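Chain A is the first sequence line, chain B the second, and so forth, proteins listed ahead of strands; every chain is numbered from 1. Just so you know, these numbers use all the heavy atoms, side chains as well, and skip hydrogens, waters and symmetry mates. Please read these numbers as outputs of a predicted model, since none were measured by experiment.
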Amino acid sequence: MSLHSTTPQFKDNAHHALHDAQLQKALGNVRNNFVERRASAAARLPEFDALRDSARAIKDHVLAHLDLYLERYEAQVVAQGGKVHFARSAQEACDEIVAICKAHGAKSVTKGKSMVSEEIGLNAAIEAAGMEAVETDLGEYIIQLRGETPSHIIAPAVHLNKEQVEEDFRRVHTHLPIDRDLTQPETLLSEARGILRAKFLGADIGITGANFLVAETGSSIIVTNEGNGDLTQILPRVHIVVASLEKIVPTLDDAAQIMRVLARSATGQDMTVYSTISTGPRRPGDVDGPEHYHVVLVDNGRSRMIGSEFEEMLRCIRCGACMNHCPVYHAVGGHAYGWVYPGPMGAVLTPSLIGVEEGGQLPNASTFCGRCESVCPVHIPLPKLMRHWREREFERHLNPALQRYGLRLWAFIARHELVYRLLTAIAMPILAWLGRKSGRFSHLPLAGGWTQYRDMPAPQGKTFQEQWRAKGGRCS
Amino acid sequence: MDQSPVRALNFSHGSVMTETPPSFVPPPDEAANRPGPETRPVFCAIAWLAQAGQSGPCFTGGYALPASKPRVGLLVTCLVDLFRPSIGFAAVHLLEEAGCEVIVPAQTCCGQPAYNSGDRADAKSLALQVMQSFASCDYVVAPSGSCGGMLAKHYPDLFADEPDLHATAIAFGAKCHELVSFLTDVMKITRVDAHYPHTVTYHDSCSGLRELGIEAQPRQLLNSVQGLTLVELAQADVCCGFGGTFAVKYGEISDAIVTHKVAQASQAQAEVLLAGDLGCLMNMAGKLARQGSAMEVRHIAEVLAGMTQAPAIAAAPERAR
Ligand code: SF4
């Protein structure tokens, strides 16, 4: 059931994205705003880097003892009157959730923002079972109207501008007066609020994701800026939390620690507007809350990553900082990546979850500039993990043959110094002579990938080493 | 001058002439005799003893010992070797001026293309080859943050599963440096003797910046060049889109990134764009040339060494500045 990917067509996707003028304009905001906000939030907090270290330590500790904390978490949820369902695959997770919905005779489901629900293709599964699924996060609501997937893990509609949203609202909200003003973000927001309020009140089931699952208390925590998560989980009769395994933290204190780096890394806020903790269903005497509380814990390939060279990726807290700082993401946006998770974290996670045969383009589409790693709040060595994927591909001969031969040929030459010396002594002067007039080439055989877009500087002539030896320079 | 042996021994670097800041511009004979950093304190003490009774600083020559100069192996990098030897000669000049003895062991490629393309076996054999060729050097210096980072940071990773080689690679990595940061951080150079009456801007190449922490050093030395005005490039820390084979495999995306980069370079109102890695420079220069821009592109070493006779990168000969 998991979402269909267009990741193998990454290059075509990227090509279209690069020629989409509106998208390019929208991406400018990511490039500038997110980066500045994170930098100033980090600068305002002297202990920011120390907190990052501690966030990493907490996540590493959990991964080393995941079984223990999962058991503890489940026991606590049960003790609070809830139920935990373990789903090995996307299919199992969807089946489980649909079964819960059906058991409660649900017709309408509201949803808070959740990337794992995108991963498992939950909306499609709910709709296929004859129920309505309504996204209540504004960005998610907009892309649901458009039939799109999120282009960013924390700002799902970052690829759109407000004129496009106005168009969508007028297209879908046909029962509203035609002459209402939808030109401002505020008016768009209040229209969406008006529509969603009715959905909140009428929903049978509320589904949220989780930023943290707390083993100590059996609580789940979501951080949001719109408050839609609260209404999603408090108003309906049934609250279903869908979360992936690695969201577990040992204690509330640990969650609080990580929250301090999460918002700063994501939006540059010191704290998100809402941080909502939910622990089990409504208890006698509670003024509100759901009658039933379920947690669906999704594995979908994650337990395979534990103990592998990709384990560190499970520290990810989905802040989005890596994509906010990624020049490739800035160039092509999130949809080009072709599956759920874009940017550097997606480049590591996608092949882990859907296979390197399908997702193998992504870890290659990186300059290894390292800016992602430098801002990742939990210090995930993203370039190193992408390189591991490249190694797996190379071992399994998954990359194009021409590339492999080219590389191996260069390596052969480089391993034989005399061959290198001989070939370059012939080739470089010839190239220099050919390029002597303009100092560059606008076309060069075998270098089309380069010269299609920019000139290739011509070499100066004899190699450095040849000149050095001719001058009597010391070689040992 | 009141000097005791103890005091002389306490100097960790530079000249014992404390009133004169460590400088890159001693007269040629002094430069040639300048003691290397590792042997310097002891050496100065010997010098002090040798000069006991004489007045004046102990740094005025006559006491050079062959072992005093650090023996620096220049990893010229394959791009510089093949495309732009003038950078290599600028590096040699800078290192010699800083008091190093420069050797250039026979070399080819550091293995980075193989490593970053997932070809670990070839990367390892090339790494072994480099470690062997440069084994006798006190330091290995490359005019590139990317190759410097490969040697210093990634060679140890390559052999993480082989304890003996891992230890060798760690020890080897510890003596590997990028050129500019080697001059400032190891040789304690604070200024250079060069004249370049142009407005320049500087792009921080990614590996140098994020793997090796090179940021202040190039700016410090550039600011010491006579006549040079350094203007900052907006988002100087953002990748230029080169990324080795990325530039060819994902040419269109690489192009979008470099287009943005050179647009910002143009906005910086500089005549010359500098960086410390030839790969990035060829990418940016190639793009500027394709756009017909008049902006020159050069490696920082050429400017620091005062060796800018060669035409700029991708420039026609008559455009030499
Ligand atoms: S990989 Fe790091 S920076 Fe990227 S989303 Fe995850 S935690 Fe944030």
Side-chain angles (χ1 to χ4, degrees), chain A residues 11 14-15 18 327-328 331-332 364-371 373-374 384 387 389-395 399 403 407-408 410-411 413-415 417 420-421 424 428 436-440 442 447 449-450 452-465 467-468 473-476, chain B residues 76 78 80-86 88-89 102-109 111 113-120 122 125-126 129 136 206-207 210-211 237-239 241-243 246-258 282-283 285-287 289-290 310-311 313-317:
Chain A
K11 276 191 193 180
H15 174 80
L18 287 165
V328 175
V332 303
N364 284 285
S366 162
T367 63
F368 282 171
C369 78
R371 208 168 174 227
E373 179 177 358
S374 75
K384 177 175 139 188
R387 190 183 293 109
W389 277 124
R390 297 185 189 185
E391 284 166 4
R392 295 244 178 132
E393 288 183 279
F394 192 86
E395 281 161 18
N399 41 359
Q403 238 175 61
L407 269 171
R408 299 244 40 199
W410 173 247
I413 297 170
R415 275 189 284 111
E417 199 261 320
Y420 172 93
R421 203 189 283 197
T424 59
M428 297 338 272
R436 70 195 178 284
K437 286 230 175 66
S438 61
R440 57 184 182 263
S442 51
W450 181 283
Q452 188 179 351
Y453 304 102
R454 67 223 118 177
D455 291 347
M456 174 64 96
Q460 287 176 327
K462 287 184 178 160
T463 67
F464 173 83
Q465 293 189 77
Q467 297 183 45
W468 179 256
R474 293 190 55 187
C475 296
S476 61
Chain B
V76 71
C78 56
V80 169
D81 189 31
L82 304 182
F83 279 86
R84 206 162 165 85
S86 57
F89 287 107
V102 180
I103 63 165
V104 183
Q107 53 189 281
T108 61
C109 164
Y115 180 58
N116 282 344
S117 301
D119 179 2
R120 223 178 156 90
D122 277 325
S125 48
L126 289 172
Q129 188 171 301
S136 72
C206 299
S207 311
R210 281 179 277 270
E211 287 180 3
D237 68 321
V238 175
C239 181
F242 174 62
F246 174 87
V248 178
K249 282 192 298 187
Y250 295 92
E252 195 178 8
I253 301 175
S254 172
D255 177 48
I257 301 175
V258 72
M282 288 172 68
N283 183 37
K287 189 68 210 180
R290 179 65 56 93
I313 300 165

A:Arg408 bridged to B:Asp122 by N-O distance under 4.0 Å:
yes

Nearest atoms (heavy-atom pairs only) where B:Thr108 meets A:Ala414
OG1-O, 2.7 Å

Need one label for B:Gln107: side chain, backbone, both or neither, based on atoms under 4.5 Å from any heavy atom in chain A.
both

Can you tell if the side chain of B:Leu126 reaches within under 4.5 Å of the side chain of A:Arg415, non-hydrogen atoms only?
yes

With side chains defined as the heavy atoms from C-beta onward, is the minimum distance between A:Tyr453 and B:Ser254 less than 4.5 Å?
no

Identify the heavy atoms of A:Ala14 and B:Ile253 that sit nearest to each other, and give their distance.
CB-CD1, 3.8 Å

Do side-chain atoms of A:Gln460 reach the backbone of B:Ser86 as a donor and acceptor pair under 3.5 angstrom?
yes

In terms of heavy-atom pairs under 4.5 Å with chain A, the winner among B:Asp237, B:Val80, B:Asn116, B:Val102 is B:Asn116

Work out which heavy atom in B:Ala106 is nearest to a heavy atom in A:Gln465; give both atom names and the distance.
CA-OE1, 3.6 Å

Most heavy-atom pairs under 4.5 Å with chain A, out of B:Ile257, B:Val248, B:Leu82, belong to B:Leu82

So for B:Glu252, is it side chain, backbone, both, or neither that comes closer than 4.5 Å to the heavy atoms of chain A?
both

Bottom line for B:Phe246: the part with an atom under 4.5 Å from chain A's heavy atoms is side chain

Could you check which of A:Trp450, A:Trp389, A:Tyr420 has the highest count of heavy-atom pairs closer than 4.5 Å to chain B?
A:Tyr420

Which atoms of B:Val76 come close to chain A, meaning under 4.5 Å heavy atom to heavy atom: side chain ones, backbone ones, both, or neither?
side chain

Can you tell me how far apart CG (B:Asp119) and CD (A:Glu395) are? Round to the nearest 0.5 Å.
10.0 Å

Please rank B:Ser207, B:Gly118, B:Ala289 by heavy-atom pairs under 4.5 Å with chain A and give me the top one.
B:Gly118

What distance do B:Tyr250 atom OH and A:His15 atom NE2 have between them, rounded to the nearest 0.5 Å?
16.0 Å

Can a donor-acceptor pair be found, under 3.5 Å and without considering hydrogens, that links the side chain of A:Arg440 to the backbone of B:Ala314?
yes

Could you look at A:Ala458 and say if it's the side chain, the backbone, both or neither that has a heavy atom under 4.5 Å from chain B?
backbone

Quick one, A:Gln403 and B:Lys249 - any side-chain contact, counting heavy atoms below 4.5 Å?
yes

Applying a strict 4.5 Å limit to non-hydrogen atoms, the region of A:Glu393 in contact with chain B is neither

Give the member of A:Gly449, A:Ser366, A:Cys475 that has the highest number of heavy-atom pairs under 4.5 Å with chain B.
A:Cys475

Is any side-chain heavy atom of A:Phe464 closer than 4.5 Å to a side-chain heavy atom of B:Arg84?
no

So which atom in B:Arg210 and which in A:Gly370 form the shortest heavy-atom distance, rounded to 0.1 Å?
CD-O, 3.4 Å

Are A:Arg454 and B:Asn283 linked by a side-chain donor-acceptor pair shorter than 3.5 Å?
yes

Chain B shares the most heavy-atom pairs under 4.5 Å, among A:Thr424, A:Ile413, A:Thr367, A:Leu18, with A:Thr367

Tell me, out of A:Gly461, A:Ala365, A:Ala447, who's got the most heavy-atom pairs with chain B below 4.5 Å.
A:Ala365

Below 4.5 Å from any heavy atom of chain B, which atoms of A:Val328 appear? Answer side chain, backbone, both or neither.
both

Take atom NZ in A:Lys11; do more than 12 heavy atoms of anything else shown fall under 6.0 Å from it?
yes

Would you name the heavy atoms of B:Arg290 and A:Ser442 that are closest together and state the gap between them?
NH2-O, 3.1 Å

Where is the tightest heavy-atom contact between A:Ser476 and B:Ile103, given as atom of each residue plus distance?
O-CG2, 3.9 Å

Between B:Cys78, B:Ser117, B:Ala114, the one whose heavy-atom pairs under 4.5 Å with chain A are most numerous
B:Ser117

Engaged part of A:Arg392 at the chain B interface, taking heavy atoms whose separation is under 4.5 Å
neither

Sequence neighbours left out, what passes side chain to side chain donor-acceptor pair (under 3.5 Å) with A:Thr463? Give chain and number order.
none

